[in-house]
Amino acid sequence: MKVVSVMNYKGGVGKTTTTANLAAELAWRGKDVLIIDLDPQASLTFSFIKPEEWQDDFSDSKTIKNWFDSFSDSSSVDLNDLIFTPNNVSEKLNGKGQLDMIASHLGLINVDLELATELGGATLKQSKRNFLKVHRRLSNGIQQIDSDDYDLILIDCPPNFNIVTKTAIVASDNILIPAKPDYLSTLGIDYLIRSLNQLISDFNEYVKIDAEDSDEKISPEILGVVFTMIQIRSGQPITALRPYINQTKKLGISVFDEYIRENKTIFSDAPQYGVPVVLNNYSAGTYADVVSELEAFVTEFINKSGI
Ligand SMILES: Nc1ncnc2c1ncn2[C@@H]1O[C@H](COP(=O)(O)OP(=O)(O)O)[C@@H](O)[C@H]1O
Ligand SMILES: [Mg+2]
């Protein structure tokens with residue numbers, strides 16, 4: 001079982017759309033996938049279930065917020081008990097692979113504040129211990145999930161580098177970075193990589209307080225940047241995008257050959273029906289192109305991640 005975080009501290013770059021389509025296509029190909037929505041905006045959650053259903057059946061006691069809260073309010077919540085199978089996509093998959101999820105909650109914003117209060121300590125040693133304890137939380141939770149249950153856990157991260165996001169990184173084997181090819185987004189990637197490296201080196205330094213060559217070190221690896229919302233002219237990505245793709249490669253980060261093109265109509269429509277674009281059958285030619293490009297991206301993801 002691999003754990004992959006989908007992240008970029010910028011919002012609106014296609015993280016959620018990428019997560020939903022990747023998970024759905026992998027399940028279509030027979031994989032068992034669990035997606036965890038860690039973004040308080042809950043876009044991934046609402047791409048699979050209706051807000052009314054979330055309100056009635058999930059909001060009180062069946063979201064990732066309940067699990068984080070259980071550490072401070074001494075309730076007992078097991079991550080496994082939050083897992084559910086969204087209906088519409090499940091019908092579409094028709095028994096091929098499995099797509100399960102854990103829903104998010106707007107109140108997850110406060111969880112970051114709560115976690116921050118658990119950091120610090122009277123001594124340096126105590127601070128380091130608290131840092132490890134807080135940052136390992138999701139990783140420990142995921143260990144409760146039977147590794148035979150899923151081939152992959154995909155975590156849709158919020159657009160920030162707060163503590164909840166960091167718990168996802170600590171839990172991950174790989175990081176996938178969706179990005180738009182424009183000036184500000186490429187600046188963002190550089191910043192993201194530096195923040196990631198800082199977290200990894202702090203964590204691995206602190207781990208040494210208990211054992212010199214501890215096997216508790218983390219080494220989440222960046223799988224690559226996948227460019228999203230690419231504009232196409234005459235069947236090709238427009239040339240204005242090239243410099244940004246090259247600039248990212250110059251940062252030493254692997255860039256997916258496959259990309260996700262821009263198509264407002266189908267990408268904004270799909271979430272309300274609970275089935276990601278890649279699993280829909282479109283008759284119009286451009287839509288079919290979008291689907292085959294998504295499939296090609298998933299193939300490249302499989303090759304790069306080895307799942
Ligand atoms: N390839 C695409 N073409 C057109 N619109 C897209 C595409 N991917 C995502 N969108 C739209 O852009 C908005 C942001 O996408 P989303 O995946 O939610 O980004 P993020 O999770 O990074 O905030 C959404 O309204 C979504 O429908
Ligand atoms: Mg999102």
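Counting starts at 1 for both ligands and their atoms, in listed order.
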Backbone or side-chain N or O of [X] under 3.5 Å from ligand 1 N or O:
X: Thr17; value: yes
X: Asn263; value: yes
X: Gly11; value: no
X: Gly12; value: yes

Residue and atom name of the nearest protein heavy atom (relative to [atom]), distance in Å to one decimal:
atom: atom 2 (C) of ligand 1; value: Phe267 CD1, 3.4 Å
atom: atom 18 (O) of ligand 1; value: Thr16 CB, 3.8 Å
atom: atom 7 (C) of ligand 1; value: Met229 CG, 3.7 Å

I'd like to know if the side chain of [X] reaches the main chain of [Y], judged simply by a donor and an acceptor atom lying under 3.5 Å from each other, with no hydrogens or angles considered.
X: Asn280; Y: Tyr282; result: no
X: Thr63; Y: Lys65; result: yes
X: Trp54; Y: Ser104; result: yes

Side chains of [X] and [Y], donor plus acceptor under 3.5 Å:
X: Asp100; Y: Tyr150; result: yes
X: Asp182; Y: Ser185; result: yes
X: Ser61; Y: Asn66; result: no

So if I count the atoms of ligand 1 from 1 in the order they appear, which ones are less than 4.0 Å from some heavy atom of [X]?
X: Val13; value: 19 (O), 20 (P), 22 (O)
X: Ile260; value: 1 (N)
X: Lys264; value: 4 (C)

[X] near ligand 1 by a heavy-atom separation under 4.0 Å:
X: Pro159; result: no
X: Arg261; result: yes
X: Gly14; result: yes

Task: Thr19 near the Mg ion (ligand 2): N/O/S under 2.8 Å - done: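 It does not; every qualifying atom lies at 2.8 Å or beyond.
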Task: Ionic contact status for Glu118 with Arg137, cut-off 4.0 Å - done: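 Salt bridge present between Arg137 and Glu118.
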Open item on the list: Check this for me: does any side-chain nitrogen of one of Glu205 and Lys128 sit under 4.0 Å from a carboxylate oxygen of the other?
Closed with: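 Looking at Lys128 together with Glu205, the answer is no, because their closest N to O distance does not fall below 4.0 Å.
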Open item on the list: Between Tyr9 and Tyr191, is the ring centroid distance below 6.0 Å?
Closed with: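 Yes, the ring centres sit under 6.0 Å apart.
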- [ ] May I ask you to check whether Phe227 and Tyr259 place their ring centers less than 6.0 Å from one another?
- [x]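 Ring-ring flag for Phe227/Tyr259: false, centres at least 6.0 Å apart.
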- [ ] Would you confirm whether any non-hydrogen atom of the protein falls under 4.0 Å from atom 24 (C) of ligand 1?
- [x] no
